[in-house]
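As C-alpha cells, the structure follows; a few thoughts come after it.
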There are 2 protein chains.
Amino acid sequence: MSKQAVIKGSCENCYLRKSPRSIALGPREHQLISRSLVRRFVVEEGEQLVETGQASGVYTLYDGSAFEAITLPDGRRQIVDFYIPGDIIGFDGIAGRAQRSVTMMSSAIICEFVPDMLDLLIEADAAFARHLIAAALEKARSLEDLAVRLGRMRAIERVADLFLTIYTRSAAINRVSYGGSITCAFPATHRILADATGLTPAHINNILRELREGRIAVLSGKILTIHDLPQLEQLAGTAAVELGQRLIL
Amino acid sequence: MSKQAVIKGSCENCYLRKSPRSIALGPREHQLISRSLVRRFVVEEGEQLVETGQASGVYTLYDGSAFEAITLPDGRRQIVDFYIPGDIIGFDGIAGRAQRSVTMMSSAIICEFVPDMLDLLIEADAAFARHLIAAALEKARSLEDLAVRLGRMRAIERVADLFLTIYTRSAAINRVSYGGSITCAFPATHRILADATGLTPAHINNILRELREGRIAVLSGKILTIHDLPQLEQLAGTAAVELGQRLIL
DNA sequence: CGTATGTTTGATCAGCTTCAATGGAAGTGG
DNA sequence: CCACTTCCATTGAAGCTGATCAAACATACG
C-alpha cells in the first residue's frame, strides 16, 4: 500500500459514474461521497489492500482488478470474489475478519473513504440505504452462484461459468471489445483460476487447452477471448444476462 | 402452502424476540412489523414455500426448519442455506429469481409479511436500515464460508464444517441441549446433506459412519449429536464461535 | 401389509490430484 | 546486452477421492 496521490475534482464527475448503469444520486449524496473520500492511491500487482486484522476504511476500485480470498489454516485458499473498476471493496468490513484478504491482479488505483461513510449516507437518505442493501444482496446472489459452481459443476463447466461471469461483469462497465471475437481483461494466473474454481493449476491447464482447442475461449496474455459465446453459455448452464444498475460511490 | 391460522397478539411479544441475541427495536418498528404481518400458516415437510417464479412477500420461519436450494437445468441441486426459527426468508427476493426454492425439512410455521414491509421500515428508521444491511452482509459472509467448504475442503471436513455451523446457529437461538453430549435438531436426509456439501448420498453415508465410529458426531432420528466438539472443530478448521445479535421481525 | 422413502453396502470406475520435470517469458543486475 | 533468476505454463505418470450403479435392508406410513 503506497504512493498517495493528489485528488482532483469531485466524485460526482468520476468517470465511473458516466456509465448508463450507474445509479443516479442526489446532490446531497454526491456531496457526502466527495467529502468522505480520504485519498486515492496505487496498489501494485500482487500486493494486498488490507493486511489481515487491521482497521480500514471503505474502498472502491478506481482502476485495475483484484480478488478476495479466504485462506484456511493450512494454506488452502478459496477465491470468493473478483473486483473490477467501480466495485466497492470492504463495505462488509473485510478488515475485522480474519483470513480474508483482497489482492491486486494488476496494478490498481484505489479510492479510500472514511470508515463511517456508509453510516452517514444511510442516515442521510433512505434511498441510499436501499441501494446499499441491494448491493449487499447482489453480493450474496453472486456468492450463491459461486456455491453452485463449486458444489455441483464439473471442471469445464466451472471454468466456463467463471469466464461468463467475468464477461458479463466487464460488459456492464463497457470494458469489452467486440471485434469478431469478444475480449476483455482478465489477468488471472492458473493458480488464481484454480483457487477460484476449487481445482488445481494442472487441471486448469487441461481445461484451458480443451476450451482453446474447441475454439470456445482462450485466456492468454491477461486477456480473455470468447470465440463461441453460445457454447460457453451451454457449458455454464446459463445465458449471459445483462446486469442491472449498480451503486457507484 | 396451506392451513391459514388465526393470528393472536403482536409481533412485539413474539417468543422469538425473548432471546438475548435479538436486536432491540423501537416502538415504531414494532408497530410497523405487527401491522405488516399478513398471516401465519403451516407448510408441511417437503413442501416448498415459494413456487418458482411467483410473486411473494417477506417471511420469517416461526418454527421448524428449511433449506434454500438452486437447481441447474439438468436437475443437479445445490443447497445454499439452511433456515431455523427466527430466520428471515426471502428478503432478497427469492420469488423473482428462477431456479431458487425454499423447501421445508420439517412441518413448519411461517409468518408472511407484506412485500413492501422492508421498504417501509427502511423509510421509517435509519437504524433499521443498518440492521437489514447487517443481515444481508451476514448472509454473504456465511455464503463465503460455504464457498470455502465446497471449493477447498475434503468430504469429511465439509460435513464437519456443516455440522458445526448447524450447531452454532442452533446455539444462538437456544435450541441446543447439553446433556453429556451436545444435541440439536437437524432433520436432514443423506440427499440433503449431499446437496449441501457437493457430495453424493452414498459418500455422505460413508462419512457419517466415519464420524460415528470415531465417536465425533452422529446424525440419527433427525437429531444431530456432537460427542467430540474439539475434534469436530479441528476437522472443520474453525472453532465454534458465538454469534452476535440478529434482527428478528 | 404393501408401498414409498431413506439407509447401507459393495464393486467398479472416472475425474481430478499429486508430484515431478521441462520449457518459456519476463524482470533484474552486472 | 547478456546471464541469471523467478515465476508461470505445460506435460506426463501414478494414484486417490469420491462418483456411479445396483441391490439389499430398514423404516415409516396409509
Side-chain angles (χ1 to χ4, degrees), chain A residues 44-47 67 72 74-79 103-107 149-162 186-213 217-225 235, chain B residues 44-47 65 67 72 74-79 103-107 149-162 186-214 217-225 235:
Chain A
E44 297 297 339
E45 178 182 338
E47 284 184 39
F67 62 82
L72 289 177
D74 65 356
R76 282 175 288 180
R77 190 175 72 166
Q78 177 62 49
I79 290 175
T103 307
M104 303 302 128
M105 298 204 300
S106 68
S107 178
R149 183 190 299 157
L150 295 172
R152 283 298 181 227
M153 289 185 178
R154 27 203 49 248
I156 194 167
E157 295 169 336
R158 295 187 201 184
V159 176
D161 187 45
L162 172 60
F186 189 40
T189 64
H190 289 192
R191 164 137 298 283
I192 289 172
L193 292 175
D195 287 338
T197 54
L199 302 166
T200 57
H203 200 54
I204 285 288
N205 187 58
N206 295 332
I207 300 296
L208 289 185
R209 174 159 37 80
E210 208 171 321
L211 289 172
R212 193 189 320 128
E213 291 175 354
V218 177
L219 183 67
S220 170
K222 311 190 172 190
I223 302 289
L224 170 63
T225 305
L235 281 172
Chain B
E44 297 297 339
E45 178 182 338
E47 284 184 39
S65 56
F67 63 82
L72 289 177
D74 64 357
R76 283 176 287 180
R77 190 176 72 166
Q78 177 62 48
I79 290 175
T103 306
M104 303 303 128
M105 298 203 300
S106 67
S107 178
R149 182 189 299 157
L150 295 173
R152 283 300 181 226
M153 289 186 179
R154 26 204 46 252
I156 193 168
E157 296 169 335
R158 294 186 201 185
V159 175
D161 188 46
L162 173 59
F186 189 40
T189 64
H190 289 194
R191 164 138 297 284
I192 289 173
L193 292 176
D195 287 339
T197 54
L199 302 167
T200 56
H203 200 54
I204 284 289
N205 186 60
N206 295 332
I207 300 296
L208 290 185
R209 173 157 39 79
E210 208 172 321
L211 288 172
R212 194 188 319 126
E213 292 175 353
V218 177
L219 183 67
S220 171
K222 311 190 172 191
I223 302 289
L224 170 64
T225 305
L235 281 171

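Reminder, nothing fancy here: chain letters follow the sequence lines and each chain counts from 1.
Residues B:A196 and B:L162 approach most closely at CB-CD2, 4.2 Å, considering heavy atoms. Here the shortest heavy-atom pairing between B:E44 and B:S107 reads OE1-OG, 3.5 Å. Contact detail for B:S65 and B:S106: the closest heavy-atom pair is N-OG, 3.1 Å. Closest non-hydrogen pair, B:L150 versus B:G198, comes out as CD2-N, 3.8 Å.
Applying the salt bridge (Lys or Arg N to Asp or Glu O under 4.0 Å) test to residues at least two apart or on different chains, the pairs with a partner in residues 151-160 of chain B are A:R76-B:E157, A:D195-B:R152.
Rounding to whole angstrom units, NZ of residue B:K222 and C1' of D:dT27 are separated by 11 Å. In this structure, the CG atom of A:L219 is 10 Å from the P atom of D:dT10, given to the nearest Å. Atom CG of A:D195 and atom C1' of D:dC8 are 14 Å apart (whole Å). Straight-line distance from the CD atom of A:E157 to the C1' atom of C:dC16: 14 Å, rounded to whole Å. Protein atom CD of A:E45 is 12 Å distant from nucleotide atom C1' of D:dC8, rounded to whole Å. Going from atom CZ of A:R191 over to atom C1' of D:dT6 covers 16 Å, rounded to whole Å. A:N206 has its CG atom 17 Å from the P atom of C:dA14, to the nearest Å.
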- Item | Letter per nucleotide, 5' to 3', of nucleotides 13-20 of chain D [B base touched, S only sugar-phosphate touched, - untouched; heavy atoms, 4.0 Å] | ----SBSB
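Between the CD1 atom of B:I156 and the CD1 atom of B:I204 there is a distance of 10.5 Å, given to the nearest 0.5 Å.
Checked against C:dG6, C:dT8, D:dT10, the side chain of A:R212 finds its nearest nucleotide in D:dT10. Taking the side chain of A:R209 as heavy atoms from C-beta on, and the options D:dA9, D:dT11, C:dT8, the nearest nucleotide is D:dT11.
In this structure, A:N205 does not reach the D:dA9 phosphate: none of its side-chain N or O atoms is under 4.0 Å from OP1 or OP2.
For B:E45, the salt bridge (Lys or Arg N to Asp or Glu O under 4.0 Å) criterion is met by B:K222, not counting sequence neighbours. Remark: A:A188 engages A:M105, A:F186, A:I192, A:L193 in a side-chain contact (heavy atoms from CB on, under 4.5 Å) (not counting sequence neighbours). Under the side chain to side chain donor-acceptor pair (under 3.5 Å) criterion, B:R212 pairs with no residue, sequence neighbours left out.
Comparing the helix axis at one end of the helix from C:dC1-D:dG30 to C:dG30-D:dC1 with that at the other, each defined from 5 consecutive pairs, gives an inter-axis angle of 40° (nearest 10°).
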